[in-house]
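Comments concern the structure below.
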Amino acid sequence: MKHKRILRKIKSPEDIKSLSITELEKLCAQIRECLIETVSDTGGHLASNLGVVELTVALHKVFDSPADKLIFDVGHQCYTHKVITGRLDQFGTLRREDGIAGFPRPSESEHDAFITGHASTSVSIACGLCRANMLSGKSNHVIAVIGDGSFTGGMAYEALNNAGSLENLIVILNHNEMSISKNVGTLARYIASLRTGPAYIKAKSQLEKILDWTPPGRWTKKLLLSSKSKMKDVIFGANFFTDLGFIYYGPIDGHNLKQLINVLEYVKSIGKPVFIDIDTIKGKGYSFAEKNPGAFHGVAKFDVETGNPDFSGSGDFSACFGRCLVKLAKNDDKICAITAAMKYGVGMQYFAAAYRERFFDVGIAEQHAVTFAGGLAAGGMTPVFAVYSSFLQRGFDQIIHDTAIDGQHMVLAVDRAGVVGADGETHQGVFDAAFLSMIPNVTVYAPASYRELEIDLHKAIYQTPAVAAVRYPRGKEPEHIPNNNDGADFCLEQNGGKILLATYGTLYSNVYAAALLLKRDNVAVDILRLNKISPLSEKAVAAAAQYGQIFFFEEGIRRGGIGENLLCELSTGGYKGEFTLRAIEDEFVPAAETEAALAKLGLDPAGIHGTVINY
């Protein structure tokens, strides 16, 4: 950081107001170095942040945060914003326990206007903030920065449809032709087709001035604007966005500071809804990220000199799922694979390469993905939708209404289930077991090993009616895995104990380790491991009922979770013993390494041991 003289002087957005273009360009270069150095050590979202450095600097040069609100979509584009708004000294704690978040967090800074951990929400948030300003008599601006990947999500269009009457709203489309996987779909192609040429904004402005100079010109302009003629479209650049009430400008070079600042200064004075279309390069300034932006979207630690993208490798649950699905699809041409812009994240690259015609990337549109799967199922196909647990939350209604009610047979491959670590509150996969288990016609499996994942996926596709979900964690197989891999709904390990420890999924490894610690203390325990967690097996409930003392450990939310479901079943059957449930209480789990987070929750071996021994 010694050579970053300009950057070290920036303590707030006010400090860049007086800088010249040359100084701002140097600042941008220094910020890029800072981002690369920091993310190489902490992990995080690199390519997307490298692409918006100039844009973020220009926004803070022109607008006045926090009075003017900046909303980033998805919020992982906010690193430059955090550096400029007084968090440079804390930037090395990015995505670490008790450090700064990888997404905007209002509790962290007054400059973070809203939490934006999921995609396609920024325009809705901006509409609400703008309307609040108007109702309060404020004239501050609200700027939504949304990537073209997020623009594949339907929520963005719902918001645009309601934005045409708002004052001082600016929507900036960051056009880099990438989300996490390459953008797909008609809307992505339509946005690309709006590229009108670098002289568009200047020519449009000059033509309007000419028409305004003379009475005939003013009359002609008024007539054209009130008409539906093609001539109006040609002269005034009419398109989808102008039809919604926006004034459209684009394309703008997103790495040309002078041009960005000039455009932002101009539109700042308009007052009406403005839509600015900018071109950026994802990964700008770091050759490895520019060449492979998908790999550097979200990365673990890497070596700056060589690059070290964190693809789903050969040794994690995502890759295990992806390769298993390819094997099954080889002999079954009805199997179709669906992803929501997460091909590499969920291990779908193998299926996409082998069976392109049966692979569907629907963009960042989880709701559509679920209903699309329902349609495929109704048409005789066997759809498998692979999705992060936290993103599946967005398809909750569609699971109920469009698949479960009618008993459509589809498979949900729920990746990143459980505590995921550094991405924090917005990405923890701790709700899916609870919300899936409450829906009729949904069966949920929780494998504890790679082998069980393969077995459960086969059962989900061929032996389970209606909706089947297979949930598994981020990362590698745990240290201790079950010996039995026969696909039974549950397993009871009997060690002569009168106490039962019950759990499911890969948390079994920690429960097993705790059982060994208890054995050293001369406390014998048996272990009940559930593989099918919903609906609960009657035999599993009967097996648990034989114990006078049960401890249930769950890497998920307590309310409505599997532990509470088991307790309810036991109570219904007249169980009179003692039942202790250790799960995630009424809280959101903050960023931390997974092991550290589990320890804090009392779900590591020591915590599980302590819960039992101190009862």
Side-chain angles (χ1 to χ4, degrees), residues 389 396 399-400 404-405 407 412 414 417-418 430-448 452 456 459-460 463-471 482 484 486-495 497-508 510-512 514-515 525-586 602-603 608 611-612 615:
S389 170
F396 178 66
I399 295 171
I400 295 174
I405 286 179
L412 297 168
V414 187
V430 298
F431 298 102
D432 65 272
F435 74 70
L436 288 172
S437 66
M438 74 171 67
I439 306 174
N441 286 340
V442 175
T443 302
V444 186
Y445 299 97
E452 281 195 347
D456 288 347
K459 288 172 64 177
Q463 300 172 28
T464 308
V467 181
V470 182
R471 67 184 306 273
N484 60 303
D486 59 359
D489 289 343
F490 71 98
C491 173
L492 179 62
E493 297 180 15
Q494 295 177 301
N495 303 302
K498 296 182 179 180
I499 298 172
L500 180 69
L501 307 187
T503 192
Y504 62 90
T506 54
L507 191 62
Y508 165 79
N510 286 357
V511 171
Y512 178 85
V525 296
D526 292 354
I527 301 175
L528 175 67
R529 182 178 59 81
L530 302 173
N531 183 40
K532 187 179 77 170
I533 61 174
S534 185
L536 288 169
S537 162
E538 292 182 2
K539 291 182 178 180
V541 176
Q546 303 305 307
Y547 293 82
Q549 190 169 20
I550 302 172
F551 291 87
F552 196 99
F553 299 94
E554 182 165 10
E555 191 180 337
I557 201 73
R558 177 192 182 106
R559 293 184 180 179
I562 307 307
E564 284 195 351
N565 291 348
L566 176 59
L567 176 58
C568 180
E569 293 290 337
L570 287 167
S571 299
T572 301
Y575 180 70
K576 301 300 183 182
E578 297 180 352
F579 189 98
T580 301
L581 173 57
R582 191 66 183 263
I584 298 172
E585 299 297 336
D586 190 18
L603 296 174
I608 294 169
T611 297
V612 177
Y615 181 78

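Nothing here was measured: the structure is a model prediction, and the numbers come from that model.
Ile562 places a side-chain heavy atom less than 4.5 Å from the side chain of Leu536. Here the side chains of Thr443 and Pro535 are in contact, with some heavy-atom distance below 4.5 Å. In this structure, the side chains of Phe435 and Ile557 stay at 4.5 Å or more apart for every pair of heavy atoms. Taking the side chain as every heavy atom from C-beta outward, Tyr575 and Ile550 approach each other to under 4.5 Å. For the pair Asp489 and Asn531, the minimum side-chain heavy-atom distance is 4.5 Å or more.
Remark: the Asn565 side chain and the Ser437 side chain contain an N/O donor-acceptor pair separated by less than 3.5 Å. Using modelled atom types, one finds no donor on one side chain facing an acceptor on the other under 3.5 Å when comparing Glu493 with Tyr512.
When all heavy atoms of Phe490 and Ala543 are compared, the closest pair comes out as CE1-CB, 4.3 Å. Ala404 and Pro440 make their closest contact through CB-O, 3.5 Å (heavy atoms, listed as atom of the first residue, atom of the second, distance). For the pair Tyr547 and Lys498, the tightest heavy-atom approach, listed with the atom from each and the gap, is CD2-O, 3.6 Å. Nearest heavy atoms, Ala515 versus Val525: CB-CG2, 3.7 Å. The minimum heavy-atom distance linking Thr464 with Ala468 is given by the pair CG2-CB, 3.8 Å. Closest heavy-atom contact between Ala417 and Ser389: CA-CB, 4.0 Å.
The aromatic rings of Tyr504 and Phe552 are tilted relative to each other, their planes meeting at an angle between 30° and 60°.
We find the CD-CG distance between Glu564 and Leu581 to be 6.5 Å, quoted to the nearest 0.5 Å. Here the CZ-OG1 distance, from Arg529 to Thr506, works out to 11.0 Å after rounding to the nearest 0.5 Å. Rounding to the nearest 0.5 Å gives a distance of 11.5 Å between CD of Gln546 and CG of Asp526. Rounding to the nearest 0.5 Å gives a distance of 8.0 Å between OG1 of Thr611 and CG of Leu603. Atom CG of Leu501 is separated from atom CD of Gln549 by 9.5 Å, given to the nearest 0.5 angstrom. Between Thr503 atom OG1 and Asn510 atom CG the span is 8.5 Å, to the nearest 0.5 Å.
More than 12 non-hydrogen atoms from other residues, nucleotides or ligands lie less than 6.0 angstrom from CD of Gln463.
A salt bridge links Asp432 and Arg471; the closest N-O separation between the charged side-chain nitrogens and carboxylate oxygens is under 4.0 Å.
Checking side-chain atoms of Glu554 against main-chain N and O of Gly563 turns up a donor-acceptor pair under 3.5 Å. Under a 3.5 Å cut-off, the side chain of Asp486 and the backbone N or O of Ala488 do form a donor-acceptor pair. Without hydrogens or angle criteria, Thr580 side chain to Phe551 main chain gives no donor-acceptor distance under 3.5 Å. Listed for the Arg582 side chain is no donor-acceptor partner under 3.5 Å among the backbone atoms of Ile608.
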Go through the steps for Leu412 and Leu436 under the test side-chain contact (heavy atoms from CB on, under 4.5 Å), then give the verdict. CA-CA 10 Å; Leu412 297 168; Leu436 288 172; 4.2 Å; yes

The test is side-chain contact (heavy atoms from CB on, under 4.5 Å); show your working for Val467 and Asn441 and say whether it passes. CA-CA 6 Å; Val467 181; Asn441 286 340; 5.7 Å; no

Leu566 vs Phe579, test: side-chain contact (heavy atoms from CB on, under 4.5 Å). Steps then yes/no. CA-CA 10 Å; Leu566 176 59; Phe579 189 98; 4.1 Å; yes

